[in-house]
Amino acid sequence: MINQLRNWGCNIDEALERFVNDKELYCTCFNMFLADDSFERLKENIKNGDCKASFEACHTLKGVAGNLAAGPLYTVLCELTEHLRAGNLDDAEQHLETILKFRDEAQQILAG
């Protein structure tokens with residue numbers, strides 16, 4: 001599973017330093033992150049055109065994804081966070097689709 005996450009784009013070495021090399025803890029935290037309701041809040045807030053609330057949800061997800069060194073998911077969360085920080089909802093739905101796609105891919109990897 002760890003090697004699959006590495007192949008998917010996670011910087012496993014960097015992440016495991018934060019998790020005192022505890023791979024089980026890392027995978028548990030990654031699963032908890034993927035189940036976080038901030039993904040649904042982000043989806044609803046974008047749908048409702050609420051840029052401020054979308055930014056808050058996206059920024060939360062970005063921070064956790066960064067700590068997990070969650071590769072492609074982190075990258076797209078960073079991109080959307082900066083758009084939303086600037087008050088720009090353009091392309092937010094497209095970014096959201098990519099975020100949810102990467103979330104689903106990570107869930108499949110962690111499910112084995």
Side-chain angles (χ1 to χ4, degrees):
M1 182 177 327
I2 292 293
N3 285 333
Q4 289 174 313
L5 287 170
R6 184 187 318 273
N7 293 338
W8 183 67
C10 291
N11 186 336
I12 297 299
D13 297 331
E14 176 187 315
L16 287 178
E17 283 183 31
R18 291 187 193 98
F19 288 85
V20 291
N21 211 36
D22 187 334
K23 293 175 184 174
E24 186 176 326
L25 176 61
Y26 174 73
C27 289
T28 297
C29 290
F30 209 132
N31 272 315
M32 290 172 62
F33 163 66
L34 296 172
D36 191 299
D37 68 347
S38 292
F39 286 102
E40 288 306 312
R41 283 199 318 268
L42 177 60
K43 183 178 178 179
E44 285 301 311
N45 292 327
I46 288 173
K47 179 182 169 187
N48 294 332
D50 188 337
C51 194
K52 182 177 188 276
S54 296
F55 169 77
E56 290 169 1
C58 195
H59 192 266
T60 296
L61 291 168
K62 180 188 101 165
V64 179
N67 284 328
L68 292 167
L73 184 52
Y74 175 69
T75 301
V76 73
L77 284 164
C78 287
E79 291 172 9
L80 181 55
T81 297
E82 292 312 309
H83 285 280
L84 296 171
R85 184 187 313 273
N88 183 358
L89 274 168
D90 295 345
D91 299 325
E93 288 185 14
Q94 183 178 10
H95 279 93
L96 178 64
E97 286 178 26
T98 304
I99 288 165
L100 297 177
K101 175 183 147 283
F102 286 144
R103 180 197 62 185
D104 293 347
E105 287 176 6
Q107 283 174 326
Q108 289 175 355
I109 292 168
L110 288 165

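Just so you know, residue 1 is the first one in the sequence shown, and it goes up from there.
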Check: Can you find a pair of side-chain heavy atoms, one from K23 and one from L16, that are under 4.5 Å apart?
Finding: yes
Item checked: Electrostatic pair E82-R85, nearest N-O below 4.0 angstrom -> yes
Item checked: Minimum heavy-atom distance between A15 and A69, given as atom pair plus value -> CB-CB, 3.9 Å
Checklist line | Same apolar cluster (I L V M F W Y, side chains within < 4.5 Å links), I2/F33 | finding: yes
Next item on the list: Would you please classify the geometry between the F102 ring and the W8 ring as parallel, tilted or perpendicular, with 30° and 60° separating the classes?
Entry: perpendicular
Notebook entry, point to check: Do side-chain atoms of H59 reach the backbone of F55 as a donor and acceptor pair under 3.5 angstrom?
Noted result: no
Note to self: What's the separation between atom CD in E79 and atom CG in D91, rounded to the nearest 0.5 Å?
What the structure shows: 10.5 Å
Item checked: With R103 via side chain to side chain donor-acceptor pair (under 3.5 Å) - residues at least two apart -> none
Checklist line | Sidechain-backbone polar pair: D36 side chain, S38 backbone, donor-acceptor under 3.5 Å | finding: yes
Notebook entry, point to check: Which value, rounded to the nearest 0.5 Å, describes the distance between L77 atom CG and L42 atom CG?
Noted result: 7.5 Å
Item checked: R18 side chain vs N67 backbone, donor-acceptor pair below 3.5 Å -> yes
Note to self: Do L61 and T81 have side chains that approach each other closer than 4.5 Å (heavy atoms only, starting at C-beta)?
What the structure shows: no
Next item on the list: For atom CD of Q94, decide whether the heavy atoms of other residues, nucleotides or ligands shown that lie under 6.0 angstrom number more than 12.
Entry: no
Next item on the list: Mind checking the CZ-CG spacing from R41 to N48? Nearest 0.5 Å is all I need.
Entry: 13.5 Å
Check: Does CD in E93 sit with more than 12 non-hydrogen atoms of other residues, nucleotides or ligands closer than 6.0 Å?
Finding: no
Notebook entry, point to check: What are the two closest non-hydrogen atoms of C10 and A70, and how far apart are they?
Noted result: SG-CA, 3.8 Å
Checklist line | Rounded distance (nearest 0.5 Å) linking atom CG of L84 with atom SG of C58 | finding: 5.5 Å
Checklist line | Within-4.5 Å side-chain heavy-atom neighbours: Y74 and L68 | finding: no
Notebook entry, point to check: Can you tell me how far CE of M1 sits from CD1 of I109, rounded to the nearest 0.5 angstrom?
Noted result: 10.0 Å
Checklist line | K47 NZ to L89 CG distance, which is reported to the nearest 0.5 Å | finding: 14.5 Å
Item checked: Same apolar cluster: I12 and L25, side chain cutoff 4.5 Å -> yes
Next item on the list: In sequence, state the C-alpha distance, the side-chain angles, and the governing distance for L96 and K43, and then conclude on side-chain contact (heavy atoms from CB on, under 4.5 Å).
Entry: CA-CA 7 Å; L96 178 64; K43 183 178 178 179; 3.8 Å; yes
Margin query: For K52, is there an ion pair with E56 - N to carboxylate O distance below 4.0 angstrom?
Written below: yes
Check: In terms of ring plane angle, is the pair Y26 and F30 parallel, tilted or perpendicular, where the classes change at 30° and 60°?
Finding: perpendicular
